[in-house]
Amino acid sequence: MAENSRYNPAEIERYWYEKWMEAGCFQAKNYSGIPYVIVIPPPNITGFLHIGHALNNTIQDILIRWKRMSGFNALWVPGTDHAGIATQNVVEKELMKKGLTRKDLGREEFLKEVWKWREKYGNCIIEQLKRLGVSCDWTRLCFTMDKNFSRAVQTVFVSLYKKGLIYRGKRIINWCPRCATALSDEEVEYDSYDGNLYYLKYPVEGGKFIVVATTRPETMLGDTAVAVHPSDERYKDLIGKKVRLPFVNRLIPVIPDYQVDMEFGTGAVKVTPSHDPADYAIASRHNLEFITVMDETGRMNENAAIFEGLDRFDCRAKIIEELGKQGLVEKIEPYSYRIGHCYRCNTIIEPTISTQWFVKMKQLAQPAINVVKQGQLRFYPERWTKVYLQWLDNIQDWCISRQIWWGHRIPAWYCSNKSCPPIICLDAPQQCPQCGCKNLIQDEDVLDTWFSSWLWPFAVFGWPEKTKDLEFFYPTSTLVTAQEILFFWVARMVMAGFEFTGKKPFESVYIHGTVRDEKGRKMSKSLGNAIDPLEIIDHSGADALRFSLISLTAFGQDVFLPDSFYHKGRNFVNKIWNSFRYIEILLEKNDCSYVKIERIELEPDNLHLAERWILTLLNKKIIHITECLNNFRFNEAADSIYEFFWHQYCDWYIELSKMYPAKDPYLVSSVIFVLNYVMLKTLKLLHPFIPFVTEELYSRMKRFTDVKDAFVATSDWPSPSDTFEFGDSLKLMNRIKEIVVEIRDLKTFFKIPVTKNLRATYQGISLLDADEYRRMVEFLSGIKFQKTDQIIKTHSKDEIVRSIEDGFFSIKLDGIVDIEVEVKRLLNEKQKVLKAYQETEKKLTNSAFLNNAPSIVIERTKQLRNELESELVKIEKDIELLTGEKS
RNA sequence: AGGCGGUUAGCUCAGUCGGCAAGAGCGCUUCCCUUACAAGGAAGAGGUCGUGGGUUCGAUUCCCUCACCGCCUACCA
């Protein structure tokens with residue numbers, strides 16, 4: 001018995017996942033019904049399931065399971081992302097263990113290695129997702145390097161090029177010296193950096209100096225001007241003069257530019273067009289020379305004079321040392337500023353002039369802006385609309401070429417005759433259309449991984465082929481993602497959707513919060529603060545993890561998780577498990593082997609209060625939870641079922657069911673039905689949140705009921721029942737609960753276990769005259785009532801008297817009543833109630849309130865006032881009973 | 001610099017259209033191993049809803065100010 005009393009998820013979860021797969025529960029039906037479609041944000045093949053994935057995928061699974069149960073043709077398309085840089089890094093690291101570099105292997109051999117790696121490890125995260133219980137249609141598993149996906153990527157490239165929306169050019173871009181590749185603006189993460197502001201003295205022709213302030217002295221070797229504000233009096237006479245740059249002895253001009261901030265530093269700024277985006281802009285305006293001083297690994301190159309070969313940061317120190325020797329460092333101040341890092345390896349980015357491929361974004365952005373402005377594509381929470389639009393309004397061209405090998409190779413070929421334009425086409429050309437030359441070389445570079453991801457919502461359905469899938473399942477319904485990839489991915493998918501399919505890719509976007517640790521930091525392996533979801537699944541089950549996560553994550557709000565966060569779900573699942581055991585045992589005791597739930601055969605009119613009450617409450621919950629899900633209010637839905645199941649069904653209804661002796665006719669005919677009925681509906685409501693335990697219990701339920709659906713996963717979502725709606729039952733039940741709590745409170749106060757049965761007499765209290773209600777109160781509070789006609793107005797050490805409803809009761813307590821303490825407690829209580837009463841009374845005598853407040857509010861306030869008043873009267877009566885005098 | 005969030009019980013957080021005697025889980029106190037469940041049951045204690053104004057009959061909720069925390073954008077070297 002003891003071992004059964006704890007839910008053990010491991011085996012059950014494994015078992016049901018297999019069953020679902022075998023039965024094809026997660027597969028969409030063939031082009032029938034109304035589709036509801038989600039495409040997964042494809043995780044990296046290098047990834048391991050972290051708590052953010054767990055949240056993201058649980059939300060999607062809740063939606064898809066709920067919609068599936070609600071009768072939609074639900075499809076959740078899974079897949080993975082080839083993650084160019086990240087994957088290449090991983091494989092290179094593997095090679096390094098053998099003392100090899102990718103260059104040792106050569107492109108083809110290296111790519112073979114990557115494919116081998118991906119075959120071996122690329123689906124790790126997929127297997128981990130399965131352990132979470134997600135109901136993706138795995139027969140449709142996609143990969144961004146699949147053949148048809150490649151075709152889609154190439155098609156898009158060629159199409160955009162032909163439209164003039166893709167171009168190749170020399171621009172300043174973000175360069176990662178460690179990955180040795182260009183990055184897009186979005187792939188750079190900015191962090192604050194405690195560095196210095198160096199004040200350097202540049203000798204001006206004619207003997208004076210001009211002092212420039214810089215955070216990056218090493219870039220001075222590439223300076224091609226010094227800029228000052230045109231109206232800066234200090235430097236007016238220097239404009240047009242030349243400055244001799246130390247070490248390289250280059251003469252560079254002092255130029256006027258409005259971009260210069262007179263207030264900052266000395267008001268004079270060194271201009272390094274090849275290594276700073278702002279300087280690049282100045283240089284473009286003034287036709288300055290571009291001199292690159294570093295190589296692709298971040299070492300100083302041949303333009304760096306005596307510093308050639310030094311790492312850029314070593315060079316910084318060395319240059320300051322040398323300038324110092326020459327008396328050219330005026331001062332050094334500590335200075336904190338933001339600096340860009342590679343989002344894949346965290347190396348400090350080097351802005352560099354480089355020839356790359358770019359996508360012109362302005363034109364593509366327009367439909368993506370319009371669709372959101374016109375409200376045809378919505379964000380939840382709505383505030384993301386603004387962030388999205390702001391980014392699109394200021395969109396910059398997208399650098400899409402990467403100097404790596406793993407990815408979609410750019411479909412561009414160059415003729416050996418340098419004057420011929422590049423040849424852009426799907427398949428390798430045989431000869432140059434311009435000059436007929438057959439000596440063609442394909443561009444070495446590959447495309448940004450996001451250049452394939454942005455096609456995800458339609459490429460997964462076979463685009464550019466006009467497939468039936470595409471026609472039926474596209475556009476998709478809801479996209480569920482985190483804010484981090486709003487620009488990277490979401491905005492670009494919308495652009496791609498319109499550009500290539502003429503349609504928005506999804507109806508709505510739900511953006512959930514980021515999971516952080518208790519200090520507000522992102523969860524990350526390097527910080528060592530990551531909670532491993534798999535560990536939780538191992539020990540407490542996926543259901544526990546899922547429920548806890550959802551319950552703790554408010555609508556679109558970041559969530560801070562303490563280590564023990566998963567207890568809530570774990571305990572809840574255990575509660576469900578045990579309540580079910582109660583039912584099983586009860587059935588056995590009553591020789592009740594078959595319960596008709598689906599074909600209801602009982603008369604609603606014959607039901608008692610408890611049954612009427614729990615059924616009515618169930619109706620309310622079904623409505624509420626469905627409403628919550630419609631609005632992405634997952635935590636509210638989860639907490640609402642939690643409250644209902646635990647604190648209403650278990651705490652009150654199951655407890656009440658225990659008052660019937662075994663084989664009692666009403667128990668067998670009605671209570672057992674209601675216990676099962678509510679359990680069944682609740683399992684369904686809970687299934688999207690905690691699929692495993694609900695499936696297990698549903699299957700057990702099938703053994704002793706007429707429930708026929710093969711799986712709860714494919715059964716129907718509950719709707720409220722007209723048959724089981726009993727309007728006044730809620731109020732009446734609440735009165736009974738109040739009386740019970742009052743008595744339990746008294747017993748607790750006198751340190752008597754609730755289970756200890758006591759005798760009491762009562763007078764008045766018409767509610768107790770009804771056998772049914774009296775029995776409920778007696779059972780739940782452990783009291784045996786005896787009606788009396790004698791006026792109860794005395795108390796003693798052996799007896800405590802209480803007023804309640806329209807009468808009194810008196811409980812025998814055998815000499816333990818301490819009147820002093822009890823009176824004190826009541827006086828305390830009276831103060832509280834009195835205060836609340838006075839407040840409502842004040843409102844109700846305020847004519848402004850009566851004139852302005854809506855009538856329903858006035859009604860409610862009146863009702864509250866009356867309740868408070870009678871409670872006050874009651875407390876006063878109780879005090880009087882105890883002390884014999886009016887308080 | 002701008003934008004967006006947050007500030008509610010000891011902790012982590014809910015609180016939708018302004019109208020509650022301000023909620024949950026954990027923790028805490030007292031009692032209970034009652035035949036589903038101690039990962040449990042019963043009953044409690046605990047909050048001036050960040051500051052200062054404003055609008056309103058009424059503000060945790062709406063508006064403004066400030067403070068602190070976090071995030072995101074931006075060419076101040």
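Order of the sequence lines fixes the chain letters, A, B, ..., with proteins taken first and strands second; residue numbering starts at 1 for each chain. From a predicted model like this one, the values you see are computed outputs, not experimental measurements.
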Return the 5'-most residue of the pair His567(A), Asp745(A) with respect to RNA chain B, ranking by each residue's nearest nucleotide.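 It is His567(A) whose nearest nucleotide is closer to the 5' end.
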
Tell me whether the OP1 or OP2 atom of [N] has a side-chain N or O from [X] closer than 4.0 Å.
X: Trp577(A); N: rA39(B); answer: no
X: Lys658(A); N: rA36(B); answer: yes
X: Arg570(A); N: rA39(B); answer: no
X: Asn574(A); N: rG40(B); answer: no
X: Arg860(A); N: rG19(B); answer: no
X: Tyr335(A); N: rA77(B); answer: yes
X: His647(A); N: rG25(B); answer: yes
X: Arg633(A); N: rG15(B); answer: yes
X: Lys832(A); N: rA45(B); answer: yes

Check every atom of [options] against the side chain of [X] and return the nucleotide holding the closest atom.
X: Asp261(A); options: rA77(B), rC37(B), rG5(B); answer: rA77(B)
X: Asn571(A); options: rA14(B), rG40(B), rA42(B); answer: rG40(B)
X: Trp646(A); options: rG40(B), rG19(B), rA77(B); answer: rG40(B)
X: Arg338(A); options: rU73(B), rC76(B), rG15(B); answer: rU73(B)
X: Pro854(A); options: rU73(B), rG19(B), rU30(B); answer: rG19(B)
X: Ala848(A); options: rC75(B), rC57(B), rU30(B); answer: rC57(B)
X: Asp276(A); options: rA14(B), rC31(B), rA77(B); answer: rA77(B)
X: Glu636(A); options: rU16(B), rG3(B), rG40(B); answer: rU16(B)

Heavy atom of residues 194-202 of chain A under 4.0 Å from RNA chain B: which residues?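 Nothing qualifies; none.
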
Looking at Phe555(A), does the NZ or CZ of Arg633(A) lie under 6.0 angstrom from its six-membered ring centre and within 45 degrees of the ring axis?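 Here Arg633(A) passes the 6.0 Å and 45° test against Phe555(A).
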
Is the cationic atom of Lys621(A) (NZ for Lys, CZ for Arg) positioned less than 6.0 Å from the six-membered ring centroid of Phe644(A) and within 45 degrees of its normal?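 Verdict for Phe644(A): no cation-pi partner in Lys621(A).
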
Would you please name every residue forming a salt bridge (Lys or Arg N to Asp or Glu O under 4.0 Å) with Glu778(A), sequence neighbours left out?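 Salt bridge (Lys or Arg N to Asp or Glu O under 4.0 Å) check on Glu778(A) returns Arg774(A), Lys784(A).
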
Can you tell me the base-pairing partner of [N]? Count Watson-Crick or G-U wobble geometry only, both distances below 3.5 Å, and say none if there is no partner.
N: rC4(B); answer: rG70(B)
N: rA39(B); answer: none
N: rA24(B); answer: rU12(B)
N: rU61(B); answer: none

Could you go through residues 848-862 of chain A and list every donor-acceptor pair under 3.5 Å that involves a side-chain atom there, pairing it with any protein atom two or more places apart or in another chain?
residue, atom, partner, partner atom, Å
Asn851(A), ND2, Ser847(A), O, 3.1
Asn852(A), ND2, Ala848(A), O, 2.8
Thr861(A), OG1, Val857(A), O, 2.6

Might you work through the ring-ring contact (aromatic ring centres under 6.0 Å, His included) test for Tyr582(A) and Phe580(A), ending with a clear yes or no? CA-CA 5 Å; Tyr582(A) 166 77; Phe580(A) 196 88; over 10 Å; no

Please determine whether any donor N or O and acceptor N or O are separated by less than 3.5 Å between the side chain of Lys751(A) and the base of rC31(B).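 No, no donor-acceptor pair under 3.5 Å.
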
